[in-house]
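For the single chain, residues carry numbers from 1 onward in sequence order.
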Amino acid sequence: MNFQNNRYTLKFADSSDNAGIREIFESSAFSGGISVQYLRNPSPYESFQADGDEARILVVSDNERKRAAAVGGAVVRREYVNGQVEKCAYLTGLKIHPDYRKTLSFLTKAYDFLHEEISDCRCCYTTILDDNLPAIAMFEKKRRNMPEYRYLGHYTTYCFHGGRELLDIEKDRTEGFDQLMETYFAAQSLVPVDRHYEGFGEQTFYCARERGEIIACCFVGNQQGYKQYKMNSYGGIYKALSKLPTRLFGYPEFPKADTIVNHGVISYLYIRDHDEKLCRRFLRTVAAQAGFSLLIWGGFENNPLCAALDRMRTIHYGSRLYSVLWEDRPALSGVIGMEVALL
């Protein structure tokens, strides 16, 4: 699709667009006291595909300057929704190159184009970082020819270490986990049905058992082959904190500026009876054994395990979760269990 007198072309991305998408991602960063870039190197298109059953990613190209101007789309995957397996679409990767943020008006066309491709999805949702105030203001305002962004609640991403072996745990013995998928995780909403998506990374399973029964478990994935966090710089109080031996105080070590963060991502975290003390002891033991500089886990505001993470020494940031609605849909119910590894 061409628009603005054929200056721009809107199309679905393929692997030939990797260089242009990569340039857009590398031009953006989380701002504030800690400046971080979220990257999908070396192949952004394949990285999106790894997060689900398929990715329907759009790219806007500037035909005069022969470059990508914007990217964004949806990752489609099967997820539990209100106890049923449904096809869902997670809107992700919406980024506009800084050179075009004030000159490019394409959102309405892009959303119409995308809607046609994800109309078979039962649920469509997205997240926006708390600090991204311009995006929040833009999407929360109801506009003609645009879907409604209906706010569902708050999602917190926790980064932690504090590694110390406090429990006896096992590695890669998954006996009993399938039953948890069918009972505990299936009762939540937005939990991926397939735990083997490549976007989770190279996974190791950790669990604690009592008389053979799993009482705590999770997967830890090394997804750095698909996604990276690049620490750009520190400002304000964080510049001073980054020079301190923070691990001695139970916090993650601050990565050096201009380096890729050695992170592992936790998924399918289960703690019997949501026992906060057991949760903290288990996660600290996993952190001691996993070999990453920090571990990342995310939880929605109604996830009972957030209470345990709130009492750990973490660095955390927040996002707003939205249902994206072209037409009204039944509300999500139960605990929201979406995995930060695939966001």
Side-chain angles (χ1 to χ4, degrees), residues 50-54 74-92 118 120-127 152-158 170 172-201 203-210 212-221 223 265-276 278-279 282-283 286 296-309 321-324 329-343:
D51 281 349
D53 299 309
E54 57 181 314
V75 172
V76 177
R77 52 183 173 249
R78 290 165 297 120
E79 297 181 332
Y80 293 110
V81 176
N82 301 343
Q84 302 296 318
V85 176
E86 304 279 4
K87 181 184 284 190
C88 297
Y90 175 63
L91 299 194
T92 184
I118 60 173
D120 59 336
C121 293
R122 160 68 175 76
C123 180
C124 182
Y125 64 101
T126 194
T127 54
L152 298 177
H154 196 254
Y155 188 88
T156 303
T157 300
Y158 301 88
E170 302 173 344
D172 291 332
R173 181 188 165 202
T174 58
E175 177 186 344
F177 181 79
D178 288 344
Q179 288 86 345
L180 289 177
M181 281 291 289
E182 295 170 1
T183 55
Y184 179 77
F185 292 106
Q188 302 178 24
S189 286
L190 306 185
V191 174
V193 174
D194 187 351
R195 66 176 177 84
H196 297 289
Y197 287 130
E198 292 183 12
F200 283 120
Q203 292 183 306
T204 301
F205 183 70
Y206 295 89
C207 73
R209 297 178 186 267
E210 189 174 271
E213 177 189 350
I214 294 176
I215 61 172
C217 70
C218 72
F219 290 88
V220 177
Q223 57 178 188
V265 63
I266 289 175
S267 57
Y268 298 101
L269 176 62
Y270 166 78
I271 305 294
R272 188 178 65 183
D273 299 327
H274 304 128
D275 185 314
E276 294 183 20
L278 174 60
C279 183
F282 175 69
L283 290 179
V286 170
I296 299 174
W297 179 80
F300 189 63
E301 61 183 40
N302 68 356
N303 190 323
L305 296 181
C306 287
L309 273 292
L321 173 64
Y322 299 89
S323 278
V324 182
R329 298 275 190 174
L332 297 174
S333 64
V335 173
I336 303 294
M338 60 189 195
E339 297 289 0
V340 70
L342 301 182
L343 301 184

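- Residues Val265 and Ser267 form no side-chain contact, since every pair of their non-hydrogen atoms from C-beta on lies 4.5 Å or further apart.
- Legend: residues meeting salt bridge (charged side-chain N to carboxylate O under 4.0 Å, His left out) with Asp172, ordered by chain and number and at least two apart, are absent.
- In this structure, Cys217 and Tyr206 have side chains that are not in contact, with every pair of non-hydrogen atoms separated by 4.5 Å or more.
- Residues satisfying the salt bridge (charged side-chain N to carboxylate O under 4.0 Å, His left out) test with Glu175, not counting sequence neighbours, are Arg173.
- Two residues are said to be in side-chain contact when any heavy atoms from C-beta on lie closer than 4.5 Å; Asp51 and Val75 meet this criterion.
- Listed by chain and number, the residues in a side-chain contact (heavy atoms from CB on, under 4.5 Å) with Thr156 are His154, Tyr158, His316 (sequence neighbours excluded).
- Residues that satisfy the side-chain contact (heavy atoms from CB on, under 4.5 Å) test with Ala74, not counting sequence neighbours, are Ala89, Leu91, Leu114, Ile118.
- Salt-bridge check for Asp194 with Arg77: failed, with every basic side-chain N at 4.0 Å or more from each acidic carboxylate O.
- With sequence neighbours left out, Gln188 forms a side-chain contact (heavy atoms from CB on, under 4.5 Å) with Tyr184, Phe185, Val191, Val335.
- Remark: Arg209 engages Glu170 in a salt bridge, criterion side-chain N to carboxylate O under 4.0 Å.
- Counting non-hydrogen atoms of other residues, nucleotides and ligands closer than 6.0 Å to CD of Glu198 gives a total of 12 or fewer.
- Side-chain contact between Met338 and Leu321: present, with at least one pair of heavy atoms (C-beta onward) separated by less than 4.5 Å.
- At a threshold of 4.5 Å between non-hydrogen side-chain atoms, the residues Tyr125 and Tyr90 count as touching.
- In this structure, the side chains of Pro192 and Phe200 come closer than 4.5 Å at one or more pairs of heavy atoms.
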Criterion ring pair (Phe, Tyr, Trp, His ring centres under 6.0 Å) on Phe300 and Tyr155, from CA distance to verdict: CA-CA 4 Å; Phe300 189 63; Tyr155 188 88; 7.1 Å; no
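- Between the side chains of Tyr268 and Gln203, not a single donor N or O lies within less than 3.5 Å of an accepting N or O.
- Taking the six-membered ring where the residue is Trp, Phe219 and Phe205 present tilted rings, their angle falling between 30° and 60°.
- By the 4.5 Å heavy-atom criterion applied to side chains, Arg122 and Gln84 are not counted as neighbours.
- Contact check for Trp297 versus Leu305: side-chain heavy atoms found under the 4.5 Å cut-off.
- Qualifying side chain to side chain donor-acceptor pair (under 3.5 Å) partners for Glu339, counting only residues two or more places apart in sequence or in other chains: none.
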